[in-house]
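Here's the structure, in structure tokens; my notes come after.
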Amino acid sequence: MKTDFIPLDYDYFDFRGKNYARIIGRNSKNQKICLIDSCPIYLWAILKENIAERKIQRIVEKIQKIQIPLKNRITRVEKIEIHEKSFLGKKVTALKIFATNYKDLHDIASQLKIPEIEKRRGYDLGFVTHYIIEKKLTPLNWYEIEGEVLSNSLEFGGIDSALNTDLTIFVKNISNTPDKKFTPCVLAYDLETDEIKIGEGEILMFSLVSNNGIKKVFTWKKSPGKKIQNVEYVKDEAELIETFVSQIKKINPDFLVGYFSDGFDLPYLKARAEKHKIKLDIGIEGSEPRFHRSGLGGITGKISGITHIDLLKFIRTAYSQYMQSETLSLNEVAKEFLQDEKKKFQIQHSTTLKKEDWKNYYEYNLHDSVLTLGLFEKMWPDLVGFSKVMQEPIFEISRNGMSKNVESYLIHNLERFNEIPEKRPTHNEIADRRQREKYEGAFVFEPTPGLYNKIGMFDFTSYWPSIIVSFNLSKSTLLEKEEKESTKVKLKNKEVIFSKKPGFFPQMLKEIIEKRKLFKKELKEKPDVMKKSRSNAYKLLANASYGYMGFFGARYYCPEASAAATSISRDFIKKTISEIDKEGYKTIYSDTDSIAFSMNNKSEKQTLEFLKKINSKLPGIMELELEDFYSRGLWVTTRAGKIGAKKKYALIDKKNKLKIRGFETVRRDWCRLARDVQNKVLKEILENGNEKKSLEYLKEIVKKLKSRQISREELIIKTQLKKSLSEYKSISPHVVAAQKMKEQEIPISEGNLVEYYIAEIPPGTKSKLVREKVKLPNEPGKYNIEYYLERQILPAVENIFQVFNINTSEIIKGKRQMTLGEF
DNA sequence: GGTGCATCCTTACC
DNA sequence: ACAGGTAAGGATGCACC
């Protein structure tokens, strides 16, 4: 039979010693389909140079005989082909050695220790990646599938009758078809429990919200009174878990989506199901979720046939750097992307809940799933986009970090360059790489503090990638010695040389840049938060390719290329700065790829002409563009003294929109009051061009603070606990706060934000340390006026007023009457 | 017991 | 361990007087 098909999720199984791919997807009639397919399994043995043909034949014969006895079968080499390939840009002769089972490739590779074999490659990609490369059945694209429908067939051990699908097809042929619209069936879920530690407490309720009309809470905790809409009751926790299983089976979604569900919801469900001896058999063939460790102490939960997505992970890698939110809590993220928030409800242990609270609890639970679904729908275009670009299933790309994504992109595009894939570094190699000395990074210009009028700002588009592409920097283009037209780059204590002949890495990077350009254009035409994030996600991917080469875990690790890129970046930015100054502008500041300069009475038109002139001289795809024109900008000194602070400035554009970088205002570890005061001061100064109004405002705030009119909420300091308490060498205030939380049995762990305030201590107590004055928000106490004046407000505004030669310290500390009269 | 520099630590910028 | 380096700045740690 024939059907169209869009692949969503990939897995594989063994049958009689052979591997089969199992691909779950849909057709345009919205049937859920499982494909069963096989593909050639092989690895590469790269031969040393200049080996005689007869010798090669003898090697082939020798390898052909390899047999390895395994537990219940014997694996052997099926056939061998000789190919002319490319490895790291060099022409090589390589043996393509075919085997029965992907898992055997490692064993076969270890049997290939023959002197004529230089390298063994291509056995560490993972079956799914290998399959996608071989069969070119890439995720989220449409295909025409021809094959045999398995219907109560005995093939593959009767697999089809066990599968919860509409069709199971044994593939005969795959062909491409044009793209069609596709809307997956998406189900968001959320659990409410009495404990947050997995295995402790009980599941009180769960909510399910789908994109096809399901919107329900299931609970065994009855609230007395009349029936509540959307809420269904069951007998007890066991029946609740059974209901979860039956609902998932019935709805049979393509995507089951949670928020932090890898770390909480799914493992919690599993633990409670085990407790009740209930099978959590929601997988397509009746399997239970499988959990894998995924570095950073993280866990991933995989459900076969249903793509389980933990949105938090995708947000972290794809958007977080760009977002305004200071934490990635569902509440803040929903506010930013959906302009919606969690329902207000104070979570407490179910035994202390009052009758009337339950209704709110249900609504709270339901709304979490509503938000999760909403976020998924917003992110869907990017999940698809990433999946198509990286050619890996959504399950992986939603969890992988940027380096893995860069690598996936490379691996899946090697064939176009006839390249054999490089292997992953070994543990020893990783250890060595981590020992490496840091290479010198980008250039940062030391600004002269002051308030400037009329500012222009240029920046290089995709600076790192454009350098890598334009100068052809990569592992495969790194040369031992000079050749015709090669590029020589001077580093600190050595010289590195790169070939002129385009390498596969720079060429692929060029394609990402083009994609990003397109998104940026769309964003400019009609801006919204999501488009902004999308454009940024591709920028991150492009930028990560630079970081990727310097990353110790990379297959195509090449610190020489990274170091060359930064060296070239420093040359170009410095050269551009001097050209800008020579033209009659005055550079105020520059960081890595951007330059802010005083317009010095030149017009915007003139400036754009000048920009064109610079661009005409830039090599390759390098490009300088106008970031914006600003009406005013402020740079301050460092806290310590006279020099201008880097990475700290505030700009205002012609529409009075602020752009603040580095100041305490944008740092989440400063109290709200200090941040707001600084923000207001900056705003007034940039809007008015002088400090008069903001000085009055400051005095008012100081007065309020001194007379204890400031609410505690505004004085809370939030700091992230980055490691476990015992690992801290230095006991800082936030560590003390975390210790207090432990004592009070408030849950706190690595990664959480710790909140505290600085309180007065009993008079007479001698103490210089801030940590001795730490109190948790729930602890009664008076805020420490001196601390907040001298260590929060003063440092936040001192350098700003310094620009106008005003000594804020005097105003704040009380010598003020002598200088300013009133107050 | 105070001073001042080194170190730890978090967060930001690009 | 899960992209890189550069930088500010608070608080503690500790040698030293």
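Keep in mind that this is a model prediction, so the values were computed, not measured.
- Rounded to an integer number of Å, the gap from CZ of A/R436 to C1' of C/dA1 is 14 Å.
- In this structure, a donor-acceptor pair under 3.5 Å is present between the side chains of A/S724 and A/E727.
- Note: CZ (A/R771) to P (B/dC8) measures 16 Å, nearest angstrom.
- For C/dG4, the OP1/OP2 oxygens have no side-chain nitrogen or oxygen of A/R433 closer than 4.0 Å.
- Look at NZ on A/K404: it is 19 Å from C1' on C/dG4, rounded to the nearest Å.
- A/I731 comes within 4.0 angstrom of the backbone, heavy atoms only, and of no base.
- Straight-line distance from the CG atom of A/N543 to the P atom of C/dA3: 14 Å, rounded to whole Å.
- Between A/E511 and A/Y409 there is a side-chain heavy-atom pair separated by less than 4.5 Å.
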Per-nucleotide protein contact string for nucleotides 9-14 of chain B, where B marks a base within reach and S marks sugar-phosphate only (heavy atoms under 4.0 Å, - for neither): SBBSBS
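- Checking A/S749 against A/N752 by side-chain atom types alone, a donor-acceptor pair falls below 3.5 Å.
- Below 30°, between 30° and 60°, or above 60°: for A/F443 and A/F445 the angle between ring planes is above 60°, a perpendicular geometry.
- When the salt bridge (Lys or Arg N to Asp or Glu O under 4.0 Å) test is applied to A/K773, no partner is found at least two apart in sequence or on another chain.
- Atom-to-atom, CD1 of A/I793 to P of C/dG10 comes out at 13 Å; the value is rounded to the nearest Å.
- Summarising the geometry, the separation between CZ on A/R316 and C1' on C/dC2 is reported as 12 Å, rounded to the nearest angstrom.
- The interatomic distance linking A/K773 (NZ) with C/dA11 (C1') rounds to 12 Å, in whole Å.
- Rounded to the nearest Å, the gap between the C1' atom of B/dC9 and that of C/dA3 is 22 Å.
- Per the geometry, CD belonging to A/Q678 stands 10 Å off P belonging to C/dG9, to the nearest Å.
- Contact check on A/E664 versus A/R639 returns a salt bridge, with a Lys/Arg side-chain nitrogen under 4.0 Å from an Asp/Glu carboxylate oxygen.
- At least one side-chain heavy atom of A/L725 sits less than 4.5 Å from a side-chain heavy atom of A/K742.
- Checked options A/S462, A/S569, A/S562; the residue passing with A/Y546 is A/S562 (criterion: side-chain contact (heavy atoms from CB on, under 4.5 Å)).
- Listed pair A/R399 / C/dC2 fails the phosphate criterion, with no side-chain N or O lying under 4.0 Å from OP1 or OP2.
- Separating the CD1 atom in A/I758 from the CZ atom in A/R771 is a distance of 12.0 Å, to the nearest 0.5 Å.
- The side chain of A/Y787 lies closest to C/dA11, out of C/dA11, C/dT6, C/dG10.
- The A/N799 side chain lies nearest to C/dG9 when the options are C/dG5, C/dT12, C/dG9.
- Of the residues in residues 544-566 of chain A, not one comes within less than 4.0 Å of DNA chain B through any heavy atom.
- Between A/W635 and A/Y649, the ring planes lie parallel to each other; the angle is under 30°, not in the 30° to 60° tilted range.
- Among the heavy atoms of the strands lying under 4.0 Å from A/Y439 are primed sugar atoms or P, OP1, OP2 only; no base atom is included.
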